[in-house]
Visitor: 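The structure is given below, and queries will be raised subsequently.
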Amino acid sequence: MNGGNSLSERYQHESIEKKWQERWESDALFRTSSDNKKKWYALTMFPYPSGDLHTGHWYAMAPSDVSARLKRMQGHNVLFPIGFDSFGLPAENAAIKQNVDPRTWTYNNIERMHGQLRAMGASFNWEREIITSDPDYYQWTQWWFLQLFNQDLAYQAEAAANWCPGCQTVLANEQVLNGNCERCDNVVSKRFLKQWFFRITKYAEELLDFSKMDWPKRIETMQTNWIGRSEGARISFDIDIQNVSEKIEVFTTRPDTIYGATYMVLAPEHPLVKTITQKAYIEDVQDYVEATTRISEIDRLSTERKKTGVFTGAYAINPVSKKRVPIWIADYVLSTYGTGAIMAVPAHDERDFEFAQAYKLEVIPVFDHEKIDVSEPLEAAFTTGRQMVNSEHFNGTLATEAIKKVTTYLEEQQLGEESITYRLRDWLISRQRYWGTPIPIIHCETCGIVPVPESDLPVLLPENVEFTTDGKSPLEQLQEWWLVECPNCKKPARRETDTIDTFVCSSWYQMRYIDPRNKTAPFAQEFAKEWLPVDQYTGGSEHAVMHLLYTRFFWKTARDLGLVDADEPMLRLFNQGIILGTDGNRMSKSRGNVVAPDQQVEKYGADAFRCQLMFIGPWDQGGPYDPKGMPGIVRWLNRVWNVANHSYTNKSESTDPTEQKNLERTVHQTIAGVTEDLERFQFNTAISKLMSLTSTLGKVQENPSIDNSTWHWAIQTLLLLMAPLAPHITEELWELLGQPYSIHKQPWPDYDPQIAAEEILQIVIQINGKVRDKIEVAATINKDDVEKRALQQDRIKELLLDQTPKKIIYVPGKLINIVV
RNA sequence: GCCGAGGUGGCGGAAUGGCAUACGCAGCGGGCUUAAAACCCGUCGCCUUCACGGGCUUGAGGGUUCGAAUCCCUCCCUCGGUACCA
C-alpha cells in the first residue's frame with residue numbers, strides 16, 4: 001500500500017464533509033423519533049450569539065456530540081438540541097458603539113453561527129432550535145415571571161443593589177466577582193434602588209441537597225459554599241436609652257460566648273444607627289457612615305485593611321450578664337448578612353479581637369484553654385476552648401455541650417432562639433437595559449403593581465429605539481411604549497421599563513426544547529413526561545453558582561406548579577475544562593493566541609479538528625491547543641482511509657488461525673476499551689486505542705493471512721467505533737464499502753469478554769522488586785507452575801546463586817516477586 | 001488565608017498499589033521519488049558500557065509496603081474557586 005494513491009482516491013475532507021452534512025440535513029437523520037426506544041436527553045449549554053464560534057465552543061460541543069451519537073448508536077432515542085441565548089448586553093453595546101440595531105446585530109450573528117455550527121457536523125436537532133430573543137420564546141419567559149409573581153416568588157423591593165457603571169445596570173450577587181462585574185470587569189458600587197427579585201432563598205435548604213443527581217463534587221461544594229448555611233441563634237439586646245423601645249437583634253454561631261460579648265457593632269447602614277447615636281457623637285458617626293459609602297466594595301471586603309469604626313455614645317444591655325456594653329458602628333459588619341449587627345466577643349473571635357485591640361475595648365475570655373492562661377491578657381483570640389468560665393452558672397460546662405445548653409437557656413428566658421442564616425440572597429432579576437425580556441408588569445397609581453394579563457402576552461420589545469452614549473435604557477425614554485392603560489381601572493399607567501436578567505431566559509430553556517413551537521403553554525405535559533429531566537448536561541464550570549443554581553431553582557418552582565415531576569432538572573453534569581492557547585493562557589485577541597476554528601476546519605477538516613481537540617488530553621482538564629499536533633490526527637485519518645479503502649485480498653487463500661484469533665481478540669479488546677472510554681468522556685484514550693487498532697489493521701493488510709470476512713468485520717468495526725468521533729469520514733467509507741446508509745443508524749458493536757481475553761500472558765519476574773526477566777505462560781497457569789518456571793530461568797538462577805528465597809509473591813497473570 | 005484540581009521525556013499526555021513514559025507531536029536515520037509533498041519502516045528519558053548489561057528517573061524530603069507516579073506525613077510550585085458571612 002506504499003504510495004501510489006491517485007489524488008482522487010485520497011481522503012479529501014472538503015467535499016466529503018459538505019456532502020454528508022447536506023445529506024444528513026435533508027434526510028433529517030438526527031430528528032427524534034417517537035418509537036419505543038429509551039429516551040436520552042443530552043444537552044450542551046447553548047451559546048450566546050457573539051458572532052463567531054470560537055475554539056471554546058468546539059471544545060464544549062464536539063465531545064458532547066460524540067456522547068449523544070454514542071447513545072444513539074447504543075439504541076436510545078436521543079434529543080440533542082441547540083439554540084441561542086440571544087438577549088444580553090453585547091448586542092446593546094454594539095448598538096451604542098456602532099449604531100446598529102441590537103436585533104439586526106444579534107440575528108446576523110445567529111445566521112453566521114448557524115453555518116459554523118453546521119460545519120462542526122454535530123447531530124443537533126435543528127428543528128427544535130430556540131432563540132431566547134424571539135417573541136414566541138420570551139412570551140413564555142414573561143409567563144414564568146407571572147407564575148412566580150402569583151406565587152409570591154417574585155417581588156419588588158428597595159435594596160442596596162450592585163450597580164455596574166460600565167453596564168449601567170444593577171447585577172445579582174452572583175454576577176459580582178471579587179467586587180467586579182462578571183461581564184465587563186468594572187468595579188461595582190452599591191446603590192439604593194427599587195428592584196425586582198426572585199425568592200430563591202425560599203429554596204435554600206432544598207438547593208443544598210444534591211442527593212438526587214450525579215454532579216461533580218466541585219460544583220456541589222461551590223453551590224454549598226455559595227448558599228452558606230450557618231446554624232446559630234438570634235439574640236435580642238435591649239438598648240439602654242430612655243424612650244427607645246427597639247431592640248438590637250444579632251445572629252451568632254456562638255451563643256455560648258455571650259458572657260464574653262463586651263461590645264456591639266452595627267453595620268453603618270443599619271436602620272437603628274440614627275435612632276441610637278448620642279448628641280455628642282452625631283458628627284463622627286455621620287462622617288463615618290458617609291465615608292463608608294465612598295469606599296468601594298472591593299476595598300471594604302479586603303481582609304488586609306485595618307478595622308475602623310466609631311462609638312455611637314449608646315449602650316446596650318447584655319441579656320444574660322446584664323452588663324452595659326458600648327454600641328459601635330464599623331464597616332467590618334455587613335448590612336447584607338444576618339441581621340446587620342453583631343455581639344462582639346473579642347476573646348473568641350479574631351476580627352472582634354483586632355477591633356477591640358485597636359479601640360481598647362474590654363476582652364473577657366469565657367472559655368479556658370489547655371495552653372493559654374486566661375487570667376492574663378490574651379495575645380490573640382481563640383475559637384475553641386475547653387470549658388466555660390466567667391459565665392456565671394454555666395461555668396464548667398464543656399465546650400462540646402456549651403452551644404446547646406446556652407441556646408436552650410436563652411429560649412427559656414425568651415432572650416433569643418435557635419436560628420439558621422444563609423449567605424444566599426434573593427436573586428435580583430431586573431436590569432435597566434433594552435435588549436432583554438420586558439417585565440410584564442404595569443404600575444398604576446390607583447391599583448399599584450398590576451401584572452399584565454396572560455392573554456396580553458407577549459409584551460413586545462419596541463423596535464427602532466434610540467440609543468444614547470450615556471448607556472441609559474431606551475425603554476425609559478420611550479413614552480409611547482410605557483404609557484399604557486391599567487388593565488384594572490383603565491386609567492393611564494406606566495409599564496415597567498426594566499427588563500429581565502438573561503440568566504432567567506436560560507433557567508428554563510431545557511424545558512422549552514421538548515416542545516419548542518407550543519403556542520398555548522411553555523410546553524405540553526405529555527412531552528414533559530416523555531423527555532424531562534435532562535439525562536446528561538455538559539458545559540463549563542464558570543456557571544457553578546449562576547446558571548446551574550438558577551436553573552435548579554426554576555425547576556423547583558416548576559415542580560411546585562405541577563409542571564414537572566422530578567426534583568432536579570439535570571441528572572448528570574459533566575464540566576469540560578478550558579481550552580487554552582499554545583502559550584498555555586486563555587485564548588484572547590490581546591494575547592494573539594486565538595485559534596480560529598473556521599481556519600482549522602478549512603485546512604484539516606471538521607473530523608480532524610474534533611478529534612484533535614479530544615485527543616490533546618482529558619476533557620475535564622482542558623489545556624493548551626497546539627495546531628502543530630494536527631498532523632498526527634490527519635495522518636491517522638489518512639491511514640484509516642487507506643486501510644478501509646484499499647482492497648484486501650488473501651491471495652494465498654490460506655488462513656493462519658493464530659493471526660486470525662489475534663486480530664479478533666484485538667478488535668474485541670478495542671470495542672471494550674473504546675466503549676468504556678467514551679462512556680466516561682475519556683476521548684483521548686479512546687482515540688489512542690483506535691489509532692492502535694488502525695496500525696494493527698495496516699500490518700494485517702500488508703501481509704494478509706486472515707480470511708476475508710474477518711477482515712471486513714474488523715474494518716467495519718473500526719469505522720463504527722470511530723463514527724461518533726469522526727462522523728463524516730466514517731460515513732463516506734461506510735458507503736464506499738457498500739454498507740447501508742447511514743453508519744450513524746447502525747447499532748454500536750458488542751464485544752465478547754471471552755474472545756477479548758488473552759490466552760498467553762507475559763509474567764514479569766522480579767527479585768526484590770526489580771524486574772530481572774520475563775516469561776510467557778498460558779493464561780490458565782497456577783501459582784506453583786509460575787514459581788517453578790521462574791526459578792528455572794537461567795538468568796534468575798544466576799542472580800540468585802545459592803540464596804534461598806524468603807518469600808515469593810505472585811500477582812496472578814502479572815508478576816512474580818522473589819524476595820531474598 | 002481557606003477550599004478544590006494538578007506537577008510524569010524537548011512538547012501534549014498514558015498508567016490510580018505490580019514492566020513508568022501507552023498514543024501522538026517534534027527530532028534523528030532510512031525507504032519510495034528526477035525532486036518535493038504525501039506515504040511507509042526504524043530510532044528516540046538520563047548516566048555508564050565497544051557490547052551484553054548495570055545504575056538512576058514521575059516537583060522536594062520522609063514514611064508505609066515484597067513492591068509506590070499511585071497510599072500517608074511535611075514542604076515547594078502552578079491553575080481554578082472563594083474571601084471580614086458573625
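Chain A is the first sequence line, chain B the second, and so forth, proteins listed ahead of strands; every chain is numbered from 1.
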Visitor: Check salt bridge (charged side-chain N to carboxylate O under 4.0 Å, His left out) between Asp349(A) and all other residues, then give those that pass, not counting sequence neighbours.
Guide: Arg351(A)
Visitor: Could you work out, with salt bridge (charged side-chain N to carboxylate O under 4.0 Å, His left out) as the rule, every residue matching Glu602(A), not counting sequence neighbours?
Guide: none
Visitor: For Asn638(A) and rC39(B), is the shortest distance between a side-chain N/O and OP1 or OP2 below 4.0 Å?
Guide: yes
Visitor: Pairs in or reaching into residues 621-636 of chain A: which pass salt bridge (Lys or Arg N to Asp or Glu O under 4.0 Å), with residues at least two apart or in two chains?
Guide: none
Visitor: Using only atom types and a distance under 3.5 Å, with no angle test, would you say the side chain of Tyr263(A) pairs donor to acceptor with the backbone of Asp352(A)?
Guide: yes
Visitor: On RNA chain B, check which nucleotide each of Thr252(A) and Val545(A) is closest to and give me the residue with the more 5' one.
Guide: Val545(A)
Visitor: Can you tell which of rG12(B), rG13(B), rC19(B) lies closest to the side chain of Ile616(A)?
Guide: rG12(B)
Visitor: Any residue in residues 811-820 of chain A with a heavy atom nearer than 4.0 angstrom to RNA chain B? Just list them by number, or reply none.
Guide: Val811(A), Lys814(A), Leu815(A), Asn817(A), Val819(A)
Visitor: Which part of the nucleic acid, if any, lies within reach of Asp352(A) when heavy atoms closer than 4.0 Å are counted: base, sugar-phosphate only, or nothing?
Guide: nothing
Visitor: Base, sugar-phosphate or nothing for Asp620(A)? Non-hydrogen atoms, less than 4.0 Å.
Guide: nothing
Visitor: Tell me the interatomic distance from Asn768(A), atom CG, to rU65(B), atom P, rounded to whole angstroms.
Guide: 15 Å
Visitor: Given rC39(B), rG54(B), rC23(B), identify the nucleotide with an atom nearest to the side chain of Arg772(A).
Guide: rG54(B)
Visitor: In whole Å, measure the gap between the P atoms of rC52(B) and rU43(B) for me.
Guide: 14 Å
Visitor: Considering residues at least two apart in sequence or located in another chain, which fulfil the salt bridge (charged side-chain N to carboxylate O under 4.0 Å, His left out) criterion with Glu220(A)?
Guide: Lys217(A)
Visitor: Roughly how far apart, to the nearest Å, are rC23(B) and rU34(B) at atom P?
Guide: 34 Å
Visitor: If I pick the P atom on rG12(B) and the same atom on rC19(B), what distance separates them, to the nearest angstrom?
Guide: 24 Å
Visitor: Using a 4.0 Å heavy-atom cut-off across all strands, classify Lys770(A) as base, sugar-phosphate, or nothing.
Guide: sugar-phosphate
Visitor: Test for a donor-acceptor pair under 3.5 Å between the base of rC84(B) and the side chain of Lys307(A), counting only N and O atoms.
Guide: yes
Visitor: Restricting to side-chain contact (heavy atoms from CB on, under 4.5 Å), what partner residues turn up for Glu205(A), sequence neighbours left out?
Guide: Leu208(A), Arg229(A), Tyr422(A)
Visitor: If you find the nucleotide of RNA chain B closest to Tyr337(A) and the one closest to Lys807(A), which residue's nucleotide is nearer the 5' end?
Guide: Lys807(A)
Visitor: If you check every side-chain atom of Phe251(A), which of rA86(B), rA15(B), rC19(B) has the closest atom?
Guide: rA86(B)
Visitor: For Ile578(A), enumerate each residue passing the side-chain contact (heavy atoms from CB on, under 4.5 Å) test, keeping only those at least two apart in sequence or located in another chain.
Guide: Leu580(A), Arg586(A)
Visitor: In whole angstroms, how far is the C1' atom of rC39(B) from the CD atom of Gln701(A)?
Guide: 13 Å
Visitor: Among side-chain atoms of Gln793(A) and Arg772(A), is any donor-acceptor pair under 3.5 angstrom?
Guide: no
Visitor: Taking atom C1' in both rG45(B) and rU58(B), what distance in whole Å separates the two?
Guide: 11 Å
Visitor: Can you tell me, in whole Å, how much space there is between the C1' of rU21(B) and that of rG31(B)?
Guide: 29 Å
Visitor: Using whole Å, report how far CE of Met546(A) lies from C1' of rG81(B).
Guide: 12 Å
Visitor: Answer with base, sugar-phosphate or nothing: what part of the nucleic acid does Arg234(A) contact at a heavy-atom distance below 4.0 Å?
Guide: nothing
Visitor: Does rA86(B) have OP1 or OP2 sitting under 4.0 Å from an N or O in the side chain of Thr339(A)?
Guide: no
Visitor: Hey, is rG9(B) sitting syn or anti, using the within-90° cutoff around 0?
Guide: syn
Visitor: At less than 4.0 Å, is any side-chain N or O atom of Arg423(A) found next to OP1 or OP2 of rA86(B)? Yes or no.
Guide: no
Visitor: Under 3.5 Å, is there a donor-acceptor pair linking the side chains of Thr336(A) and Arg425(A)?
Guide: no
Visitor: Students often get this wrong, so: under 4.0 angstrom with heavy atoms, is Arg795(A) touching a base, only sugar-phosphate, or nothing?
Guide: sugar-phosphate
Visitor: Reading RNA chain B 5' to 3', what string of ( ), [ ], | and . shows its pairs, if Watson-Crick and G-U wobble pairs count only when both distances fall under 3.5 Å?
Guide: (((((((..(((.....[....))).(((((.......))))).((((....))))..(((((..]....))))))))))))....
Visitor: Quick check against the 3.5 Å criterion: does Asn162(A) have a side-chain atom that pairs as donor or acceptor with the backbone of Leu171(A)?
Guide: yes
Visitor: Could you pull out all residues at least two apart from Glu676(A) that satisfy salt bridge (charged side-chain N to carboxylate O under 4.0 Å, His left out)?
Guide: Arg680(A)
Visitor: Under 4.0 angstrom, heavy atoms only, what part of the nucleic acid is Gln762(A) near: base, sugar-phosphate, or nothing?
Guide: base
Visitor: Nearest of rG6(B), rC84(B), rC19(B) to any side-chain atom of Gln621(A)?
Guide: rG6(B)
Visitor: Less than 3.5 Å apart, which donor and acceptor atoms pair up between the side chains of residues 249-256 of chain A and the rest of the protein, not counting sequence neighbours?
Guide:
{"unit_1": "Thr252(A)", "atom_1": "OG1", "unit_2": "Arg254(A)", "atom_2": "N", "d": "2.8"}
{"unit_1": "Arg254(A)", "atom_1": "NE", "unit_2": "Asp256(A)", "atom_2": "OD1", "d": "3.0"}
{"unit_1": "Arg254(A)", "atom_1": "NE", "unit_2": "Asp256(A)", "atom_2": "OD2", "d": "3.4"}
{"unit_1": "Arg254(A)", "atom_1": "NH1", "unit_2": "Thr383(A)", "atom_2": "O", "d": "2.8"}
{"unit_1": "Arg254(A)", "atom_1": "NH2", "unit_2": "Asp256(A)", "atom_2": "OD2", "d": "3.2"}
{"unit_1": "Arg254(A)", "atom_1": "NH2", "unit_2": "Thr383(A)", "atom_2": "O", "d": "3.4"}

Visitor: At under 4.0 Å between heavy atoms, how does the protein contact nucleotides 24-29 of chain B? Give one character per nucleotide, 5' to 3', with B, S or -.
Guide: SSS---
Visitor: Taking the six-membered ring for Trp and the full ring for Phe, Tyr or His, determine whether the centres of Phe210(A) and Trp215(A) are under 6.0 Å apart.
Guide: no
Visitor: State which of rC84(B), rA14(B), rG12(B) makes the closest approach to the side chain of Pro624(A).
Guide: rG12(B)
Visitor: For atom P, what is the distance between rG81(B) and rC28(B), given to the nearest Å?
Guide: 41 Å
Visitor: Write down the distance separating the P atoms in rA15(B) and rA22(B), rounded off to the nearest Å.
Guide: 13 Å
Visitor: Nearest to the Leu334(A) side chain among rA86(B), rC19(B), rA14(B), which nucleotide is it?
Guide: rA86(B)
Visitor: In whole Å, what separates the P atom of rC73(B) from that of rC79(B)?
Guide: 25 Å
Visitor: Which residues pass the side-chain contact (heavy atoms from CB on, under 4.5 Å) test with Asp677(A), sequence neighbours left out?
Guide: Gln682(A), Thr685(A), Ala686(A), Lys689(A)
